[in-house]
Number of protein chains: 2
Amino acid sequence: MTKVLVVDDEPQIVRALRINLAARGYDVSTAASGQEALRVAATEHPDVVVLDLGLPDIDGAKVIEGLRGWTSVPIIVLSARTDSGDKVSALDAGADDYVTKPFGMDELLARLRAAVRRASTVPAGEEAVVETQAFTVDLAAKKVIRDGAEVHLTPTEWGVLELLVRNRGKLVAQKQLLQEVWGPSYASETHYLRVYLAQLRRKLEPRPSRPRHLLTEAGMGYRFEP
Amino acid sequence: MTKVLVVDDEPQIVRALRINLAARGYDVSTAASGQEALRVAATEHPDVVVLDLGLPDIDGAKVIEGLRGWTSVPIIVLSARTDSGDKVSALDAGADDYVTKPFGMDELLARLRAAVRRASTVPAGEEAVVETQAFTVDLAAKKVIRDGAEVHLTPTEWGVLELLVRNRGKLVAQKQLLQEVWGPSYASETHYLRVYLAQLRRKLEPRPSRPRHLLTEAGMGYRFEP
DNA sequence: CGCACGTGTGAAGAAGTCGTCAACGCGCCA
DNA sequence: TGGCGCGTTGACGACTTCTTCACACGTGCG
């Protein structure tokens, strides 16, 4: 769930935002001052911050700087001031977007979605590594390691293995494998599966004739067991 | 230098933006229609796009979708319409920001800086210099050193090498290489890759016929292994 | 026991992909 | 205008991958 930190000293705005955001499935935390905002951001690690500039204690730009000192979380600034100087300084301090009050909730939500989308498509460096006793599959790098050495797979071999690993523990029907790897018109070429599962076992299983990870479910399909 | 693509059909706006942006050291290209915008974006690879929604040919949202099909370049939308529905649909189509006309140049420039900053600090966790036994790639300086001397690469050679090095260890699909280096319409010109990989190997690998760093995965793509 | 069925295995030809060399065309600059 | 650098194309041999085939295996059932 996406976590939003709302920072504003006006209770009615906090309330309105909380209700709207919660209704759309966001996990909302709030802060009423700059000090509190910095503290809550540090403990909660929100995915996006909505920050009002007119806070009672610290200047808004200082809050932005305080956050930017250690995080690159998207910051959307709210402000009653339409003065372009304010916008420029907030954006240059590290804010991602600037919305002037009074604002439309639709627009704010759209800008929030845009900010979250940007931030989430960025760190594509997800760990997509699945290990077994015999070998390791790296889905992102499209690599298989066995006994410290990389095992070379052909495109079709990789297609079959990837589908099984992505559904690890689950039975994958023969028809599904054939359709997703070879295409919709190959749904009944079950022989291909036998050939390619044999090849994968030969390359990956310690004892290909007694597979421990690439298992057959007779008449139904195959299963990858980590 | 940061490259900006300005898309607008009103010459006076294009002119004003070009002057202001050029004065601040941006490299400006322009397009007066949606078709032209997509074509120029594919050839120029701008670092940020400023897009007017009221274009004569294609609907603005279609232009955003067309760009988002192959690139995540920041898009700042300009529009005369203050209607929140327009803002929401543009942002949800993949725009990064939305500025209503008439706009202050200061504010637009600040939003542009914010968009570029976000996009460039994205690959922050990466080391800009990558070394192999045979050569050294400096991503920031766009330089390659081999045996103490700089190796000259053509723009296309560099484009291919950079993408591979940024994804070091990972398999990069042929389609991705072609789309990001040559443009979205070259997705199936696999022959180019063979020619350019051969050239890179000739320049960088100690034994071009037995590459150790620029590896081929037949039928899938290429991989840079440090 | 013998048969049917789905499965595993190895090998061989067909099909597709890759590396390489060389030529062409275009824009740029002297 | 001529030369140069660069991107694009074509041809062809070498190599990899896909497809197909023949046959062995094992389990369940009549």
Side-chain angles (χ1 to χ4, degrees), chain A residues 142 144 150-162 164 171-175 177-183 185-223, chain B residues 42-45 142 144 150-164 171-175 177-183 185-224:
Chain A
K142 288 207 193 318
V144 182
E150 185 175 341
V151 180
H152 179 78
L153 297 186
T154 73
T156 308
E157 287 165 2
W158 177 260
V160 172
L161 181 64
E162 182 175 14
L164 290 173
L171 174 77
V172 182
Q174 298 186 342
K175 201 172 142 187
L177 272 163
L178 286 163
Q179 291 193 145
E180 297 203 16
V181 177
W182 277 268
S185 57
Y186 291 73
S188 52
E189 302 282 350
T190 59
H191 190 87
Y192 288 7
L193 288 177
R194 291 201 274 289
V195 173
Y196 277 91
L197 263 294
Q199 280 174 3
L200 282 172
R201 285 172 180 147
R202 185 142 31 86
K203 289 184 176 182
L204 301 178
E205 294 273 6
R207 285 227 301 290
S209 54
R210 292 260 179 307
R212 299 181 54 186
H213 304 109
L214 298 167
L215 310 177
T216 302
E217 304 274 341
M220 312 192 45
Y222 293 86
R223 179 202 309 277
Chain B
T43 55
E44 296 279 321
H45 296 276
K142 289 203 191 301
V144 182
E150 183 175 346
V151 180
H152 174 76
L153 297 185
T154 72
T156 308
E157 286 166 0
W158 175 259
V160 172
L161 181 64
E162 180 176 17
L163 190 55
L164 289 172
L171 179 88
V172 183
Q174 301 182 343
K175 201 172 140 187
L177 272 162
L178 288 163
Q179 291 195 150
E180 298 204 14
V181 177
W182 278 267
S185 58
Y186 291 74
S188 51
E189 302 283 347
T190 59
H191 191 90
Y192 290 7
L193 289 177
R194 292 203 279 286
V195 173
Y196 276 89
L197 263 293
Q199 281 172 202
L200 283 171
R201 284 173 180 145
R202 188 142 29 85
K203 289 184 177 182
L204 301 178
E205 293 273 5
R207 285 228 301 289
S209 55
R210 290 254 141 45
R212 299 183 54 187
H213 306 294
L214 298 168
L215 310 177
T216 302
E217 302 274 343
M220 302 203 281
Y222 293 86
R223 184 197 308 274
F224 169 76

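- Under 4.0 angstrom from either OP1 or OP2 of C:dG6 there lies no side-chain N or O belonging to A:Thr216.
- For the contact set between residues 187-194 of chain B and DNA chain D, defined by any heavy atom under 4.0 Å, the members are B:His191, B:Tyr192.
- In this structure, A:Trp182 does not reach the D:dC18 phosphate: none of its side-chain N or O atoms is under 4.0 Å from OP1 or OP2.
- Rounded to an integer number of Å, the gap from CE of B:Met220 to P of C:dC18 is 11 Å.
- In this structure, A:Gln199 does not reach the C:dT9 phosphate: none of its side-chain N or O atoms is under 4.0 Å from OP1 or OP2.
- For A:Thr156 and D:dT17, the shortest distance from a side-chain N or O to OP1 or OP2 is not below 4.0 Å.
- With contacts defined as side-chain heavy-atom distances shorter than 4.5 Å, the pair B:Leu193/B:Trp182 qualifies.
- Distance from the side chain of A:Tyr186 is smallest for D:dT19 among the nucleotides C:dG8, C:dT7, D:dT19.
- If you measure from atom CZ of B:Arg201 to atom P of C:dC21, you get 13 Å, rounded to the nearest angstrom.
- Once rounded to the nearest 0.5 Å, the distance linking CG of B:Leu200 with OG1 of B:Thr154 reads 8.0 Å.
- One interatomic measurement links the two molecules: CG of B:Leu215 to P of C:dT17, which rounds to 20 Å at whole-angstrom precision.
- A straight line from CG of B:Leu200 to P of D:dC6 spans 13 Å, rounded to a whole angstrom.
- Of the two residues contacting DNA chain C, namely A:Glu217 and A:Arg202, the nearest-nucleotide position lying further toward the 5' end is that of A:Glu217.
- A:Leu153 places its CG atom 14 Å from the C1' atom of D:dT16, with the value rounded to the nearest Å.
- Closest of all the heavy-atom pairs between A:Val181 and A:Val160 is CG2-N, 3.9 Å.
- Under the 4.5 Å side-chain criterion, counting only non-hydrogen atoms from C-beta, B:Arg201 is in contact with B:Thr216.
- Straight-line distance from the CZ atom of B:Arg207 to the P atom of C:dG19: 16 Å, rounded to whole Å.
- Applying the 6.0 Å contact sphere to NZ of B:Lys175 captures no more than 12 heavy atoms from other residues, nucleotides or ligands.
- Here the P atom of nucleotide C:dT9 and the CZ atom of A:Arg210 are 10 Å apart, to the nearest Å.
- B:Glu205 places a side-chain N or O within donor-acceptor distance of the main-chain N or O of B:Leu214, the cut-off being under 3.5 Å.
- A residue-by-residue look at B:Val195 and B:Gly219 shows that B:Val195 has its nearest nucleotide of DNA chain D further toward the 5' end.
- Nucleic acid contact class of B:Glu157 (heavy atoms, under 4.0 Å, all strands): none.
- Of the side-chain N and O atoms in B:Ser209, none sit less than 4.0 angstrom from OP1 or OP2 of C:dT20.
- A close approach under 4.0 Å does occur between a side-chain nitrogen or oxygen of A:Tyr196 and OP1 or OP2 of D:dC18.
- In this structure, the side chains of B:Met220 and B:Leu171 come closer than 4.5 Å at one or more pairs of heavy atoms.
- Of the possible donor and acceptor atoms, none in the side chain of A:Glu217 sits under 3.5 Å from a partner among the backbone N and O of A:Arg223.
- Remark: P of C:dT17 and OH of B:Tyr222 are 12 Å apart, rounded to the nearest angstrom.
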